[in-house]
Amino acid sequence: MTELNNYRQELRPRILETAMKLFRENGVKKVKMDDIAAKLGISKRTLYELYTNKEQLLLEGITEENETQLKHIQAFALSGKNEMEIVAEFMRSKLNDVESTNPEFFIDMRRYTRVTDYLHSQHELHQEKSIEFIRNGIRHGYFLPFINYDILISLSDIVVNTVLENRGYRQYHINEILRNFTIVLMRGFCTERGIGIIDRYFSEQG
């Protein structure tokens, strides 16, 4: 019994990694639990014993990805980077995720209440933490002091949602849309000192 439990615990991260890869490549809706089991070479029964449904898989996968990204940014910040470099690295990391992801994945996520509730709570948490970060950036001369950043964040959310809802990515790759929007947005709230870092950072990233 102990060996069986150990096997199942070792199997969980493999299931999660495989499921998230399939979700991001094809969208969540198109991936069946059968597809995940077949990809791993396990029975559907074994899969259901560990994960009840796709929503549980998706929620756990999104949570793990967010925690991994947060650890990356925290480690990056501890390496002595300034606020401008940190926000640029955060944006670069987000854009890399988008580049290899089917846009339908982001639309399909909205079908799952537990996932949207989690993302909403994370958004509010990060928005609260961003205030002190922005203040430090203003104090150090990277961000403009006369902008209402709450409005800016809300407008950014509206733009991203509009692109997804109107399938704007059918004409241009979603990564290209978000990259151009991000660069223009960031240059708009940065001082000349901050703009220099942004331009250099993104030009180096290609």
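All residue numbers in this chain count up from 1 along the given sequence.
The backbone N or O of I15 lies less than 3.5 Å from no partner atom in the side chain of T18, so there is not a single donor-acceptor pair. Side-chain N or O atoms of T191 include one that pairs as donor or acceptor with a backbone N or O of G141 at under 3.5 Å. Although no hydrogens or angles enter the test, the distance criterion places no donor-acceptor pair under 3.5 Å between the side chain of N26 and the main chain of V31. K54 places a side-chain N or O within donor-acceptor distance of the main-chain N or O of V28, the cut-off being under 3.5 Å.
To the nearest 0.5 angstrom, I183 atom CD1 is 8.0 Å from I198 atom CD1. Separating the NE2 atom in H120 from the OG1 atom in T116 is a distance of 9.5 Å, to the nearest 0.5 Å. Between the CD1 atom in I177 and the OH atom in Y172 there is a gap of 8.5 Å [rounded to 0.5 Å]. Rounding to the nearest 0.5 Å gives a distance of 9.5 Å between CD of E176 and CD of Q171. Note that the CG atom of N96 and the CE atom of M91 stand 13.5 Å from one another [nearest 0.5 Å]. Once rounded to the nearest 0.5 Å, the distance linking OH of Y48 with CD1 of I42 reads 11.5 Å.
Two different hydrophobic clusters hold F90 and I153 under the rule that ILVMFWY side chains link at heavy-atom gaps under 4.5 Å. Linking ILVMFWY residues whenever their side-chain heavy atoms come closer than 4.5 Å, directly or via other members, places L178 and L152 in the same cluster.
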**Message:** I'd like to know whether L95 forms a side-chain contact (heavy atoms from CB on, under 4.5 Å) with R92, so could you lay out the CA-CA distance, the side-chain angles of the two residues, the decisive distance to 0.1 Å, and finally the verdict.
**Reply:** CA-CA 5 Å; L95 289 172; R92 184 202 63 78; 5.8 Å; no
**Item:** N66 vs L119, side-chain contact (heavy atoms from CB on, under 4.5 Å): CA-CA, chis, key distance, verdict
**Value:** CA-CA 10 Å; N66 281 354; L119 291 174; 4.2 Å; yes
**Request:** Given side-chain contact (heavy atoms from CB on, under 4.5 Å), test M186 with M84 step by step and report yes or no.
**Result:** CA-CA 10 Å; M186 292 175 70; M84 199 67 258; 3.9 Å; yes
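Every residue meeting the ring-ring contact (aromatic ring centres under 6.0 Å, His included) condition with F189, not counting sequence neighbours, appears here in chain and number order: F143, Y149. In terms of the side chain to side chain donor-acceptor pair (under 3.5 Å) criterion, D97 has no residue partners (sequence neighbours excluded). By the side-chain contact (heavy atoms from CB on, under 4.5 Å) test, I151 is found to be paired with N148, L155, residues two or more places apart in sequence or in another chain being considered. Take S156 and apply the side-chain contact (heavy atoms from CB on, under 4.5 Å) test, not counting sequence neighbours, and it matches F181, L185. For the side-chain contact (heavy atoms from CB on, under 4.5 Å) test, residues two or more places apart in sequence or in another chain that qualify with S43 are R45, T46. In this structure Y112 satisfies the side chain to side chain donor-acceptor pair (under 3.5 Å) test with no other residue, sequence neighbours excluded. Under the side chain to side chain donor-acceptor pair (under 3.5 Å) criterion, S93 pairs with Q69, not counting sequence neighbours.
Summarising the geometry of R187 relative to I195, their closest heavy-atom pair is NH2-CG2, 3.3 Å, with the distance given to 0.1 Å. What you find for I174 and P103 is that their closest heavy atoms are CG2-CG, 4.0 Å. Nearest heavy atom pair, residue L47 against residue M33, reads CD2-O, 3.2 Å.
The neighbour count for E49 CD, taken as heavy atoms of other residues, nucleotides or ligands under 6.0 Å away, is above 12.
Legend: salt bridge (Lys or Arg N to Asp or Glu O under 4.0 Å) pairs involving residues 110-124, not counting sequence neighbours, sorted by first then second residue: D108-R111, R110-E165. For residues 23-35, the pairs satisfying salt bridge (Lys or Arg N to Asp or Glu O under 4.0 Å) are K21-E25, R24-E65, D34-K44, with sequence neighbours left out. Listed by first and then second residue, the salt bridge (Lys or Arg N to Asp or Glu O under 4.0 Å) pairs involving residues 132-157 are E132-R135 (not counting sequence neighbours). Applying the side chain to side chain donor-acceptor pair (under 3.5 Å) definition to pairs two or more places apart or across chains, those involving residues 78-88 are N82-E85, N82-Y142, E83-H140.
Within the 4.5 Å cutoff, no side-chain heavy atoms of N180 are placed close to those of V184. Considering only heavy atoms from C-beta on, I86 comes within 4.5 Å of F133 through its side chain.
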When the side chains of residues 56-63 are checked against the rest of the protein, which donor-acceptor pairs come out under 3.5 Å, sequence neighbours left out?
unit_1, atom_1, unit_2, atom_2, d
Q56, OE1, T52, N, 2.6
Q56, OE1, T52, OG1, 3.3
E60, OE1, R12, NH2, 3.2
E60, OE2, Y51, OH, 2.9
T63, OG1, L59, O, 2.7

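A donor-acceptor contact closer than 3.5 angstrom links the side chains of E89 and H72.
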